[in-house]
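Following: one structure in structure tokens, then a few remarks.
This structure is a prediction, so every number in the text was calculated from the model and none was measured. The chains referred to below are lettered A, B, ... by the order of the sequence lines, with proteins before strands, and numbering in each begins at 1.
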Number of protein chains: 2
Amino acid sequence: MEKYKKILRKNKLKITPKRVSIINYFLQNNKYFTPHQIWEFMKKKFKKIGLSTIYRNLEKFEKIGILTKVEGEENRFYYGICKKTNKKHHHHIICISCHKIRDFDLCNFEQLKKQIEKITEFNIKEHHIFLKGICLNCEREA
Amino acid sequence: MEKYKKILRKNKLKITPKRVSIINYFLQNNKYFTPHQIWEFMKKKFKKIGLSTIYRNLEKFEKIGILTKVEGEENRFYYGICKKTNKKHHHHIICISCHKIRDFDLCNFEQLKKQIEKITEFNIKEHHIFLKGICLNCEREA
DNA sequence: ATTCTAAATGAAAATCATTTTCATTTAAAA
DNA sequence: TTTTAAATGAAAATGATTTTCATTTAGAAT
Ligand SMILES: [Zn+2]
Ligand SMILES: [Zn+2]
Ligand SMILES: [Zn+2]
Ligand SMILES: [Zn+2]
């Protein structure tokens, strides 16, 4: 948590009990949630907590690299913890079964990129890779 | 267009003047548009045309593989023509500058997939690759 | 060509995730 | 302790998308 407090300070965000609680919840779960799900959790811990506070904080956390926003089913968005806080290039993979999320920085996209640039005649500037699968835990249970 | 009419028939969708017009517009532009942008175009051609008709048709066209839905800025969605109507695995690339969209089926993902599966211990079921770049035309103009 | 039927459509209202407003509270700097 | 900008709650606003329902229409049946 100290690591995350540092990131907040570095980005001039105040360290509030609610922010700490949100981050802890993500850290303890390694799963992705909707803002509404986070709100449901937070309502148990704080007697006053607005949904807009959740939205505002999730958005800021994504901006500073603590969270990642993934698009789920039905045009809804989810947030999950991103451990790659060093801003290094990386991608995410989620478990379809338990909603676990994790990031990985292995990305040998260069070769594929060159091939695609050749056939499409595009100069590729950004690549977004998003993976879905079954995590080891869920695989074992099945 | 005959090709697209066939696809409509195969999927038991009626061939209406509005549907033909929407598809033609995509075919002639090779760009991605919001439902609202399509509506603006259609209002010039039909004195009665509801936005919900646009939404309904774009959604259906995506389902049968004529269009692809891409997420743009600010949680808004765009649709672009997809020439790979054979349902073969493929991806899309868009031009940041002129909003051109094109699909390509070259996808050497297998090797990268194995590497990622090893380090993440996930069994990868789906991969989504989405590319942004500058098309040849725009590159030349720059 | 005419009739029939399910699908398509327009207009308006509903939905619902997300954002904004504004008055109040609070973290943390002075 | 005082000060100040940031954070927050509550409520309203926004805005994209969906739904409802009465009417129209494409295409099949006759
Ligand atoms: Zn799992
Ligand atoms: Zn990469
Ligand atoms: Zn271009
Ligand atoms: Zn692929």
Side-chain angles (χ1 to χ4, degrees), chain A residues 1-2 4-23 25 32-64 66-67 69-80, chain B residues 1-2 4-23 25 32-64 66-79:
Chain A
M1 176 46 68
E2 213 33 60
Y4 290 93
K5 287 187 177 174
K6 263 182 200 154
I7 298 174
L8 290 184
R9 283 191 201 100
K10 191 168 61 185
N11 288 279
K12 285 163 188 137
L13 296 184
K14 290 180 180 172
I15 294 161
T16 67
K18 284 165 186 172
R19 285 181 170 164
V20 170
S21 188
I22 291 174
I23 294 171
Y25 189 61
Y32 57 90
F33 299 102
T34 60
H36 199 278
Q37 288 174 316
I38 298 297
W39 189 44
E40 290 301 332
F41 161 72
M42 293 290 282
K43 280 195 284 192
K44 292 178 199 153
K45 305 201 69 174
F46 298 88
K47 58 174 177 299
K48 283 187 116 196
I49 174 78
L51 182 54
S52 48
T53 297
I54 308 295
Y55 272 96
R56 284 185 285 232
N57 282 319
L58 296 185
E59 187 186 4
K60 278 178 179 152
F61 292 170
E62 191 211 0
K63 205 158 286 174
I64 64 177
I66 288 178
L67 298 180
K69 192 178 185 179
V70 304
E71 77 168 299
E73 308 77 43
E74 297 141 22
N75 304 357
R76 255 210 241 94
F77 288 95
Y78 296 77
Y79 287 87
Chain B
M1 177 47 65
E2 215 30 66
Y4 290 94
K5 287 186 177 174
K6 261 181 202 157
I7 298 175
L8 290 184
R9 283 191 201 99
K10 192 169 59 183
N11 288 280
K12 286 163 187 134
L13 296 184
K14 290 179 179 171
I15 295 163
T16 67
K18 285 167 188 173
R19 284 180 171 165
V20 170
S21 189
I22 292 174
I23 295 171
Y25 189 63
Y32 57 93
F33 298 103
T34 59
H36 199 277
Q37 287 174 317
I38 298 298
W39 190 43
E40 290 301 332
F41 161 72
M42 293 290 283
K43 279 195 287 190
K44 291 177 198 152
K45 305 201 68 174
F46 298 87
K47 59 174 176 300
K48 281 187 119 201
I49 175 77
L51 182 53
S52 49
T53 297
I54 308 294
Y55 271 97
R56 283 186 285 234
N57 282 319
L58 296 184
E59 186 187 4
K60 276 178 179 153
F61 292 170
E62 192 211 0
K63 204 159 289 174
I64 65 178
I66 288 178
L67 298 181
T68 181
K69 192 178 186 180
V70 304
E71 70 163 312
E73 306 79 41
E74 298 142 20
N75 304 357
R76 255 211 241 94
F77 288 94
Y78 296 77
Y79 288 87

### Query
To the nearest Å, how far apart are A/Q37 CD and C/dA17 C1'?
14 Å
### Query
For A/W39 and D/dT8, what is the distance between atoms CH2 and P respectively, to the nearest whole Å?
15 Å
### Message
Which residue is it: A/V20, A/L13, A/I23? I am looking for the one with a side-chain contact (heavy atoms from CB on, under 4.5 Å) to A/K5.
### Response
A/V20
### Message
Could you work out, with salt bridge (Lys or Arg N to Asp or Glu O under 4.0 Å) as the rule, every residue matching B/R9, not counting sequence neighbours?
### Response
B/E2
### Task
To the nearest Å, give me how far apart CG (B/L51) and P (C/dT9) are.
13 Å
Close N/O contacts between protein and nucleotides 10-15 of chain D (under 3.5 Å):
from: D/dA10; atom 1: N6; to: A/S52; atom 2: OG; distance (Å): 3.4

### Task
Return the value, rounded to whole Å, for the distance between atom CZ of A/F46 and atom P of D/dG9.
9 Å
### Task
State, with a plain yes or no, whether a side-chain heavy atom of A/T16 is found less than 4.5 Å away from one of A/R19.
yes
### Query
Does a sphere of radius 6.0 Å around NZ in B/K43 hold more than 12 heavy atoms from other residues, nucleotides or ligands, not counting ones at 6.0 Å or beyond?
yes
## Note on the structure
Residue set satisfying salt bridge (Lys or Arg N to Asp or Glu O under 4.0 Å) with B/E62, at least two apart, ordered chain then number -> none
### Task
Under the side chain to side chain contact (heavy atoms under 4.5 Å, CB included) rule, what do A/N57 and A/T53 come out as? Steps first, then yes or no, please.
CA-CA 6 Å; A/N57 282 319; A/T53 297; 3.4 Å; yes
Contacts under 3.5 Å, N or O only, protein and nucleotides 28-30 of chain C:
from: C/dA28; atom 1: OP1; to: A/I15; atom 2: N; distance (Å): 2.8

### Message
Please report the distance, rounded to the nearest Å, between CD in B/E59 and P in C/dT9.
### Response
13 Å
### Query
CG of B/N57 versus P of D/dT17: gap in Å, rounded?
15 Å
#### Entry: Spatial distance of atom CG (B/L51) from atom CE (B/M42) [nearest 0.5 Å]
11.5 Å
### Query
So, is A/Y55 near the phosphate of C/dT18, with a side-chain N or O under 4.0 Å from OP1 or OP2?
yes
### Summary
Of B/P17 and A/P17, the one whose closest nucleotide on DNA chain D sits nearer the 5' end is A/P17
#### Entry: Paired and unpaired positions of DNA chain D as dot-bracket, Watson-Crick or G-U wobble under 3.5 Å, | denoting a partner strand
||||||||||||||||||||||||||||||
### Query
Going through the checks in order, is the side chain to side chain contact (heavy atoms under 4.5 Å, CB included) test met by A/F61 and A/L8?
CA-CA 9 Å; A/F61 292 170; A/L8 290 184; 3.8 Å; yes
### Query
Does a side-chain N-to-carboxylate-O contact under 4.0 Å join B/R56 and B/E59?
no
### Message
If I take atom CZ in residue B/R19 and atom P in nucleotide D/dA26, what distance separates them, rounded to the nearest angstrom?
### Response
11 Å
### Between C/dT9 (C1') and B/L58 (CG): distance, integer Å
14 Å
### Task
Please check if the distance between the ring centroids of B/F33 and B/Y25 is under 6.0 Å.
yes
### Message
Please enumerate all residues that pass salt bridge (Lys or Arg N to Asp or Glu O under 4.0 Å) together with B/K14, with sequence neighbours excluded.
### Response
none
#### Entry: Side-chain N or O of B/K60 closer than 4.0 Å to phosphate OP1/OP2 of C/dA7
no
